[in-house]
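Only one structure is covered here, and it is reproduced in the block below.
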Amino acid sequence: MTTTQRFATSCIHAGQQPDLLSGALMTPVYFTSTYIQEGLNQHRGYEYARTRNPTRDAVEGNLAALEGADFGVAFASGLAATQAVLELLSSGDHLVLGDNVYGGTFRLVDKIMARFGLTYTQVDTSDLAALRGAIQPHTKLVMLETPTNPMLGLTDIAAVRGLLKELGTRALLAVDNTFATPFNQRPLELGADLVFHSTTKYLNGHSDSIGGVVVTNSLELSERLHFIQNAAGAILSPMDSWLVLRGTKTLHLRMERHNKNALEIARWLSQRKDLKAVYYPGLESHPQHELARRQMKGFSGIVSFDTGDAERTRRMAAAFKIFALAESLGGVESLICHPVSMTHGSVPEADRVQLGITDSLLRLSVGVEDVRDLIEDLERALKA
Ligand SMILES: *Cc1c(COP(=O)(O)O)cnc(C)c1O
């Protein structure tokens, strides 16, 4: 039923069916830890709610359909989903990790997984020659993000798949699609084996839940991920499953507006003479704009810009009336973030500077408000 549906229809319907007991059209929140069994080994597929829950089943089916995947496995947070992907590996395996991945992803690899014998190399995955050099015989996974946070650099997913094929490695390719969302970019169709998300961001979209998901077309990988989900226990709760289901019903509508508002704001910012740089894949001035047009349907709602003046950036950050100064992104409301003092504080200064994450950089998560109000807010803050 879901495979032939178009994206907007899948957002609203995929993974869901009217409740068998009452006919309730909306999936109920199944608050239960256990299920009655009619006799020994006689049950309806539900034994204990860490293992399975009908609300979670529904959101897993929904999120899988949105990425064009056969299987979805939902977790308690984006990082729990990331960890589940990493737990497909074993001690002694080698991981190639993008050099500008989410800070928490790096911390998880560097401070936890590495203690269990996972080795890793960080590399700019947009540089295919560098990536080629980083792949080792025991590399089992390449994990990357595109676009990256907060510099909005892109990696050509199909080209990475081509390289892995050419090298004859069996390393899996996992893409964090949180920033783009499946509305704008579908990594499985470009050759990824696994796609994962922080549903906390655009998929839920209302800044009221923490969650994560991994999707794949491989039955074998999905079975291993469900095993990890049950064995390690970092499951998405029934309430959060329901919130994400509610969120994805409007994903297509929200992303259309996020894309439109962000492009308009990026263009407006890039016409100003008093800014050092504006980063947005939808701008012709973005060094990978060509790739962005090829790989993405829209360019999502994150725009970064550098005033070139740390003092001015500090004043600005406190002067917004609509953009809220807060971590996170992807909600209907607009947020502003100062990466150096907020999300990227733990990145060593030398690495930060090399990536372009300066003291004077600000990152916008452009919401779905009226863009004229957002631009007025920016104008006011830029005058501060
Ligand atoms: C937020 C985020 C994560 C982590 O997700 P949580 O839900 O906060 O655990 C991972 N990757 C990206 C790109 C993110 O933005």
Side-chain angles (χ1 to χ4, degrees), residues 59 63 67 72-87 95 97-113 122 125-126 141 143-155 157 174-185 187 192 194-215 229 232-237 239-241 243-244 247-248 255 258 262 279 281 296 299-304 326-331 335-337 339 342-347 355 357 363-367:
V59 78
L63 296 174
E67 286 284 2
V73 190
F75 293 91
S77 67
L79 279 175
T82 312
Q83 177 155 25
V85 172
L86 294 169
E87 282 168 345
L95 161 75
L97 187 65
D99 68 347
N100 185 203
V101 291
Y102 179 70
T105 302
F106 172 70
R107 183 175 57 193
L108 171 63
V109 168
D110 185 58
K111 295 284 191 291
I112 297 184
M113 302 309 284
Q122 269 199 299
T125 52
S126 72
L141 179 68
M143 181 178 266
L144 61 88
E145 274 169 41
T146 179
T148 59
N149 173 26
M151 300 313 295
L152 302 158
L154 305 188
T155 289
I157 299 167
V175 175
D176 182 336
N177 205 29
T178 301
F179 266 46
T181 83
F183 181 79
N184 286 324
Q185 173 173 284
L194 298 150
V195 172
F196 60 104
H197 280 272
S198 168
T199 61
T200 311
K201 315 295 166 49
Y202 287 109
L203 295 183
N204 180 57
H206 294 72
S207 306
D208 51 14
S209 155
I210 297 277
V213 72
V214 188
V215 304
Q229 181 191 42
I235 51 167
L236 191 64
S237 78
M239 190 68 219
D240 288 293
S241 296
L243 283 167
V244 176
T248 54
M255 290 318 298
H258 282 298
Y279 305 98
M296 305 176 77
F299 310 107
S300 219
I302 311 298
V303 180
S304 295
E327 294 193 11
S328 200
L329 59 103
L335 302 179
I336 186 152
C337 161
M342 294 165 75
T343 50
H344 286 66
S346 62
V347 181
L355 291 168
I357 308 172
R363 185 197 74 190
L364 305 175
S365 173
V366 178

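Remember, it's 1-based here, ligands and their atoms both numbered in the order they're listed.
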If you apply the rule side chain to side chain contact (heavy atoms under 4.5 Å, CB included), what do you find for Gln229 with Ile235, and how did you get there?
CA-CA 6 Å; Gln229 181 191 42; Ile235 51 167; 3.8 Å; yes

Which N or O atoms of ligand 1 sit under 3.5 Å from a protein N or O, and how far apart is each pair?
residue: ligand 1; atom: 5 (O); partner: Ser198; partner atom: OG; Å: 3.0
residue: ligand 1; atom: 7 (O); partner: Gly78; partner atom: N; Å: 2.9
residue: ligand 1; atom: 7 (O); partner: Ser198; partner atom: OG; Å: 2.8
residue: ligand 1; atom: 7 (O); partner: Thr200; partner atom: OG1; Å: 2.7
residue: ligand 1; atom: 9 (O); partner: Gly78; partner atom: N; Å: 3.0
residue: ligand 1; atom: 9 (O); partner: Leu79; partner atom: N; Å: 2.9
residue: ligand 1; atom: 11 (N); partner: Asp176; partner atom: OD2; Å: 2.7
residue: ligand 1; atom: 15 (O); partner: Lys201; partner atom: NZ; Å: 2.7

Can Phe299 and Leu154 be said to form a side chain to side chain contact (heavy atoms under 4.5 Å, CB included), step by step?
CA-CA 11 Å; Phe299 310 107; Leu154 305 188; over 6 Å; no

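- Under the side chain to side chain contact (heavy atoms under 4.5 Å, CB included) criterion, Ser126 pairs with Asp124, Thr155, Gln288, not counting sequence neighbours.
- You'll find the side chain of Met296 reaches within 4.5 Å of the side chain of Pro147, heavy atoms only.
- Contact annotation: the side chain of Thr178 never approaches that of Phe196 to less than 4.5 Å [non-hydrogen atoms, C-beta and beyond].
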Pair Met113-Leu95, side chain to side chain contact (heavy atoms under 4.5 Å, CB included): steps then yes or no:
CA-CA 10 Å; Met113 302 309 284; Leu95 161 75; over 6 Å; no

